[in-house]
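Structure record follows, encoded as structure tokens.
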Amino acid sequence: MGDQLCRWRILFRRSVCARASCSPYGTRSNSPLHPGLTPWANPFRPFRGLHLDRIARNIWGLLVAANLLANLVPCGFAQTGAALDRQAWLRYALLDANAARAYEYLPANYVLLGRSIVLQNAQQELASGFEKIIGRKLNSGDNVKGSAIFLGTLHDLHSIVSSLRPPISLEEDGYWITWARMHDSECLVVAATNDRGVLYGVFALLSKIARGERIAGINEAQNPYAPIRWVNQWDNLDGRIERGYGGSSIFFEDGKVRSDLTRAGEYARLLASIGINGCTINNVNAAPGVLEPGFLVQVKRIADVFRPWGVKLSIAVDLSSPKVVGGLETFDPLDPRVGDWWRKKADAIYEQVPDFGGFVVKADSEGRSGPSAYGRTHADAANVIAQALKPHGGVVFYRAFVYNHHLDWRDLKNDRAKAAYDNFHPLDGKFDDNAIIQIKNGPIDFQVREPVSPLFAGLRNTNEAIELQITQEYTGQQKHLCFLVPMWKEVLDFDMRVEGQPSRVKDLVSGRIFHRPIGGFAGVANVGMDANWLGSPMAMANLYGFGRLAWNPDLSSETIVDEWTRLTFGSDPVVVKTVADLQLRSWHVYENYTGPLGAGTLTNITGNHYDPGPESSEGNGWGQWHRADHQGIGMDRTVATGTGYIGQYPPEVQKMYESLTACPDSLLLFFHHVPYTYVLHSGKTVIQHVYDSHYEGAEEAQSFVTEWKRVEGRVDGERYHDILSRFEFQAGEAIKWCDAICKWINQLSGIPDEKARIAP
Ligand code: GCW
């Protein structure tokens, strides 16, 4: 292993050497080369002592060279780079003549039953997809007898053929694609119970054709796993995005809604294509100004571009709004004037936006105002808003991300991980039925490895939704490849064993286990104006994957990445295999060189959440992470001797985590404080595992570069070079992480690496 890293280092020493000037470690600013990175800055400076500075400069040289090359290399692809990035997985690339011939039998006409804006849009999408993918024009078949593609609700289709019955009972937004005899001809039918379902059916059909799947004999009906499939954007009204790495807001600039909302419409189309039916457009750290009457008129314009795609608009609101923008002297949720204010506000919104989705609330968290100001509960706060939305069919998402960021870290019983459960479990059953508790997947905050939040099992009489983070705040900020679907699947498949019965997180959040009326999935997406939306073309697999899992969490990571790759890059088998391999390995690789054994990411927690900074995550009120000292590492969260956090899980799960021997290695340091010499299930000591995993992770990150090179000439040149330069950058960053963490823990523990890789 060490040998490989060594070979890699030599390779880069021989390569292009740009004599780049150095800037201080970690300096970041915007640059066209890499968003958030100064083109000539060298982020590897601290490794001089480890003889890595030269390598680092060489990597940097390669980066620069690759970017220069990217502009020179000719390519034979019809569209390249930015144009393709912007289309993402909806590029509808023309199939080659052979592949297209397999669809010659498809009808040349369509019949649209109904005239709603969503249905018309579905028909246009179908026509444009046909033209682009198989080069066929679709004509209106309204007055034509013979074979056609029928689009419509089951209700309308029944007026033509009353015997049509889907193989499963269709729910809201579900669809059915089948062949049926209509007017004595064999027709392709895309049916649903509602218009949005028809649109989803059209996208599903086009996705199949674009990937070369058979349509002959198709009889496929699908229902979404849960009614809530939303994304949250953390956009500020000035156009910046909190934890956004893909440019400025597609919705706002300079305190106003953008005059040109083209990208917002394109985003809604992307969302609809993966079954997302709602989008919260502004930061949960909400500016009260969103509720100003003048602003609502502007918000309406965004809702208008969402509507054809069946995407409901919602906004994040600050609980103090009745006081701050409403002119009341209070925002006490139990004060009748406050209830009245929320009601009138909701009425005014629904007048402008009749299909408005609802509100998202972050309260009593990270400095936001909340019900504690008046000694009220979160249920009081959620319900006053829920009641205002109820007559209109709206919902309120109330976030469980509530914790005290001034905890005394010297008290070993204090534990931020306990906060969500402590705050919300006692209120179970007190929330109105159009309130949904939005719970982050883990008890802390989107780290590379966390156990699932015990609150998922702690609410039985309350609606819940899981909050996943698509934007990679703690997982490399889109500068590193980190495909999160495998992690999300572990979370969603985790069995909480409520009352000793199967109770997977996906079934808890969708409301299936406790028969809740509503529930589901919310993903923090944070796309921006960059052509590639998220700041990196490869990161779009996470947005795609979130939507696909929210629709069907039983899909495998392999299926999702396969679909995404074929739609994004085409079906060249070398490309399909290479991209799948890179994406599927990436989370573990990132985990290995950043923070193994559940110790958090060891990142700079009080700063950029990106660079290594293991010392920053202790000794302040923002939470305790690893409790590393000279003897050992890990956070004792046991009931027996620790913070007692483990006691929040159902008994079977408690038993597994409480016991040192039953606790999985991957979460050992999340739950237990152990000596560095503690021997893992793998047979290695903790300290040796930390060393080895960092070196292995860094080496694997180097291999991404070589692997990606296999697709040269098989994807368009611009995207090839863009992605190549990103992998080269990641390779350097992985070494930076490896060296920083190994050096830190080596000095702290005083225990040498068996393989003697760490310079004194
Ligand atoms: O982890 C923190 C992020 C904040 C974010 C917060 C939250 C929107 O660093 O930027 O604020 O989570 O989820 O509310």
Between Y678 and H689, does the side-chain hydrogen bond (donor to acceptor under 3.5 Å, both in side chains) criterion hold? Intermediate values first, please. CA-CA 10 Å; Y678 179 80; H689 177 96; over 6 Å; no
Evaluate side-chain hydrogen bond (donor to acceptor under 3.5 Å, both in side chains) for T559 paired with D562, printing each intermediate quantity in order. CA-CA 5 Å; T559 301; D562 184 84; over 6 Å; no
For ring pair (Phe, Tyr, Trp, His ring centres under 6.0 Å), just list the numbers for Y200 and W551, CA-CA rounded to whole Å, side-chain angles, deciding distance to a tenth of an Å, and then say yes or no. CA-CA 11 Å; Y200 292 168; W551 182 269; 5.6 Å; yes
Begin with the C-alpha distance, continue with both residues' side-chain angles, and end with the deciding distance and a verdict on ring pair (Phe, Tyr, Trp, His ring centres under 6.0 Å) for W744 and H626. CA-CA 13 Å; W744 163 74; H626 50 70; 5.4 Å; yes
Before you tell me yes or no, could you show the steps for N441 and V452 under side chain to side chain contact (heavy atoms under 4.5 Å, CB included), namely the whole-Å CA-CA distance, both residues' side-chain angles and the distance that decides it to 0.1 Å? CA-CA 6 Å; N441 60 273; V452 304; over 6 Å; no
Check the pair Y544 / W89 against ring pair (Phe, Tyr, Trp, His ring centres under 6.0 Å), numbers first and verdict last. CA-CA 8 Å; Y544 182 85; W89 55 84; 5.2 Å; yes
Derivation of the side chain to side chain contact (heavy atoms under 4.5 Å, CB included) call for L534 and L543: CA-CA 9 Å; L534 278 171; L543 180 57; 4.2 Å; yes
Pair F431-N463, side chain to side chain contact (heavy atoms under 4.5 Å, CB included): steps then yes or no: CA-CA 8 Å; F431 292 89; N463 304 320; over 6 Å; no
Given T280 and W230, is the side-chain hydrogen bond (donor to acceptor under 3.5 Å, both in side chains) satisfied, shown in steps? CA-CA 8 Å; T280 309; W230 288 41; over 6 Å; no
As a quick check of understanding, evaluate side-chain hydrogen bond (donor to acceptor under 3.5 Å, both in side chains) for D507 and Y225, giving each step before the final call. CA-CA 9 Å; D507 297 321; Y225 210 76; 2.4 Å; yes
For N434 and V396, what are the C-alpha separation, side-chain angles and deciding distance, and is it a side chain to side chain contact (heavy atoms under 4.5 Å, CB included)? CA-CA 7 Å; N434 61 329; V396 57; 5.7 Å; no
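The cationic atom of R585 (NZ for Lys, CZ for Arg) does not lie both less than 6.0 Å from the six-membered ring centre of F704 and within 45° of the ring axis. The cationic atom of K440 (NZ for Lys, CZ for Arg) lies less than 6.0 Å from the six-membered ring centre of F401 and within 45° of the ring axis. A cation-pi arrangement, defined by a distance under 6.0 Å to the six-membered ring centre and an angle within 45 degrees of its axis, is present between K479 and Y610. For the pair R637 and F671, the NZ or CZ position fails the cation-pi test of under 6.0 Å to the six-membered ring centre and within 45 degrees of the ring normal.
Between the OG atom in S693 and the CD atom in E696 there is a gap of 7.0 Å [rounded to 0.5 Å]. How far CG of L459 is from NE2 of H425: 8.5 Å, rounded to the nearest 0.5 Å. We find the CG-OH distance between D445 and Y403 to be 6.5 Å, quoted to the nearest 0.5 Å. A distance of 9.0 Å separates OH in Y421 from CG in D428, rounded to the nearest 0.5 Å. To the nearest 0.5 Å, atom CD of residue E366 and atom CG of residue N404 are 11.5 Å apart. Taken from CD1 in I436 to CZ in F397, the straight-line distance is 4.0 Å, to the nearest 0.5 Å.
Between T475 and H480, every side-chain heavy-atom pair lies at or beyond the 4.5 Å cut-off. Within the 4.5 Å cutoff, side-chain heavy atoms of L597 are placed close to those of D665. Counting heavy atoms from C-beta outward, R726 and P537 have side chains that approach closer than 4.5 Å. Considering only heavy atoms from C-beta on, D495 comes within 4.5 Å of S503 through its side chain. Between L271 and V231 the shortest side-chain heavy-atom distance falls below 4.5 Å. At least one side-chain heavy atom of W564 sits under 4.5 Å from a side-chain heavy atom of M540. F670 is not listed as a side-chain neighbour of R449, based on a closest heavy-atom distance of 4.5 Å or more. Counting only heavy atoms from C-beta outward, the side chains of E450 and P443 approach each other to under 4.5 Å.
The backbone N or O of G275 sits less than 3.5 Å from a side-chain atom of R229, completing a donor-acceptor pair. Although no hydrogens or angles enter the test, the distance criterion places no donor-acceptor pair under 3.5 Å between the side chain of D636 and the main chain of H672. Remark: side-chain polar atoms of Q583 are paired, donor with acceptor, to backbone N or O of M538 under 3.5 angstrom. A donor-acceptor pair under 3.5 Å is formed between the side chain of Q233 and the backbone N or O of V527. Although no hydrogens or angles enter the test, the distance criterion places no donor-acceptor pair under 3.5 Å between the side chain of T603 and the main chain of P612. Between the side chain of N526 and the backbone N or O of E242 there is at least one donor-acceptor pair closer than 3.5 Å. Side-chain N or O atoms of N608 include one that pairs as donor or acceptor with a backbone N or O of D611 at under 3.5 Å. Checked by atom type and distance alone, the side chain of E591 never pairs as donor or acceptor with a backbone atom of W587 at under 3.5 Å. Of the possible polar contacts, one joining the N414 side chain to the D408 backbone as a donor-acceptor pair under 3.5 Å is found. Listed for the K489 side chain is a donor-acceptor partner under 3.5 Å among the backbone atoms of L555.
Using cut-offs of 30° and 60° on the angle between ring planes, the pair Y474 and H609 is parallel. Using bins of under 30°, 30° to 60° and over 60° for the plane-to-plane angle, the ring pair F359/F356 lands in the perpendicular bin.
Using a 3.5 Å distance cut-off with no hydrogens or angles, the side chains of Q438 and N232 do pair a donor with an acceptor. For T565 and T568, the side-chain atoms include no donor-acceptor pair closer than 3.5 Å. There is no side-chain donor-acceptor pair under 3.5 Å between Y590 and E700. Judged by distance alone, the side chains of K312 and N277 never bring a donor and an acceptor atom under 3.5 Å apart. Between the side chains of Q472 and Q477, no donor N or O sits under 3.5 Å from an acceptor N or O.
A salt bridge does not link R504 with D493: every distance from a Lys NZ or Arg NE/NH1/NH2 to an Asp or Glu carboxylate oxygen is 4.0 Å or more. By the 4.0 Å N-to-carboxylate-O rule, R516 lies too far from E464 to be salt-bridged with it. One finds a salt bridge joining K736 and E733 here, because a Lys/Arg side-chain nitrogen approaches an Asp/Glu carboxylate oxygen to under 4.0 Å.
At most 12 non-hydrogen atoms from other residues, nucleotides or ligands lie less than 6.0 angstrom from CZ of R240.
When all heavy atoms of I439 and S453 are compared, the pair lying nearest together is CG2-OG, 3.6 Å. Between D433 and I518 the shortest heavy-atom distance is O-CG2, 4.1 Å. Closest of all the heavy-atom pairs between M656 and P664 is CG-CD, 4.4 Å.
Tested against V290, the residues N282, I281, D318, N283 include a single side-chain contact (heavy atoms from CB on, under 4.5 Å) partner, N282.
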